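For reference, the structure is listed below as structure tokens.
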Amino acid sequence: MEDLIHKTARLIADSRHVVALTGAGISVESGIPPFRGPGGLWEKFDPMEVGHIQSFMRDPEKVWRLLISEMRDVLMAAKPNPAHLGLARLEEMGILKTVITQNVDGLHQTAGSRDVVEFHGNFAWLRCLDCGGRVRTVEVDLSQMPPRCDCGGIFRPECVFFGEMIPPLDLDRAQIAASSCDVMLVVGCSAVVQPAAYMPVIARQSGAVVIEINPEPTPLTGRTSAFLIQGKAGPTVEKIVAGVTRIIADKRR
Ligand code: APR
Ligand code: ZN
């Protein structure tokens, strides 16, 4: 594994355009449970039941009670971990250009990343179904369920539910990023939900080296990705960034 970490650091140090694709796994060490796998949210709920836009429209109170209020507490308490911070550092060094994330926790921005494509929206804001008015999720009054706007309309999170389209602008930006990178880091992403899982395929087809960081193999492993660094996001990204920093300092001497 140390070999692969070193190899990755070298590829990144020699790269002119790194892009990262991140999934729920990058935020696990920040205390946010993933969707799939051990301890995942979908062990408790059926995604099509609570995560689908039609369920929300049919019974917003239920989805608010089961999913959204719990997510709010978990997300509000979460802080970026060394993986988020490491990616932000690579951007600051001018090497990493864009983070495409499936996460709605906003932790990349909190860590300092600036060019972030939030494929599945963000949980920080709610939008009124009737008038479109917005309110910060932290500030909404949860004593009535579902929470309502002053106009009487129901609030929904600005996330992409199952059954909804990825905002076309975000999809465009992600595809451009994926096709213009020479190295793509895929961190904590199970690569089973489309179209996010297709971004590494675009990167590979455009000639990039795709590198996975994940404790488990995924459908990309052995096909789309050049290799998998089988480990946790935080310590792995931290070591890679330390390696990149060393290599660049050596080059300058
Ligand atoms: N470090 C890195 N990866 C981890 C860690 C960790 N500490 N812990 C778990 N993982 C990996 C798992 O092995 C798995 O491959 O993170 C991945 C989490 O998978 P999912 O929960 O499926 O997350 P994600 O790929 O982001 O899901 C995609 O599915 O339900 C929808 O909209 C939701 O955005 C989400 C999408
Ligand atoms: Zn309203």
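Here the structure is a predicted model, which is why all the values come from computation and not from measurement. The residues of the chain are indexed from 1 along the displayed sequence. When a ligand or atom number is given, it counts from 1 through the structure's own listing order.
- By the neighbour-count criterion of 12 heavy atoms within 6.0 Å, atom CZ of Arg204 is sparsely surrounded, having that number or fewer from other residues, nucleotides or ligands.
- Classification of Glu164 and Arg156 as a salt-bridged pair holds, one side-chain N sitting under 4.0 Å from a carboxylate O.
- With hydrogens and angles ignored, the 3.5 Å screen pairs no side-chain donor or acceptor of Asp182 with any backbone N or O of Ala208.
- Other residues, nucleotides and ligands place more than 12 heavy atoms under 6.0 Å from the NZ atom of Lys97.
- Near ligand 1, heavy-atom contacts under 4.0 Å come from Gly23, Ala24, Gly25, Val28, Glu29, Pro34, Phe35, Arg36, Trp42, Gln102, His120, Phe162, Gly188, Cys189, Ser190, Val193, Asn214, Pro215, Glu216, Lys232, Ala233.
- Expressed to the nearest 0.5 Å, how far CD1 of Ile68 lies from CG of Leu126 amounts to 8.0 Å.
- Draw a line from the Zn ion (ligand 2) to SG of Cys149 and another to SG of Cys131, and the angle between them is 110° (to 10°).
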message = Using salt bridge (charged side-chain N to carboxylate O under 4.0 Å, His left out), reason through Asp59 and Arg65 one step at a time and then give a plain yes or no.
response = CA-CA 10 Å; Asp59 194 349; Arg65 280 189 197 283; over 6 Å; no
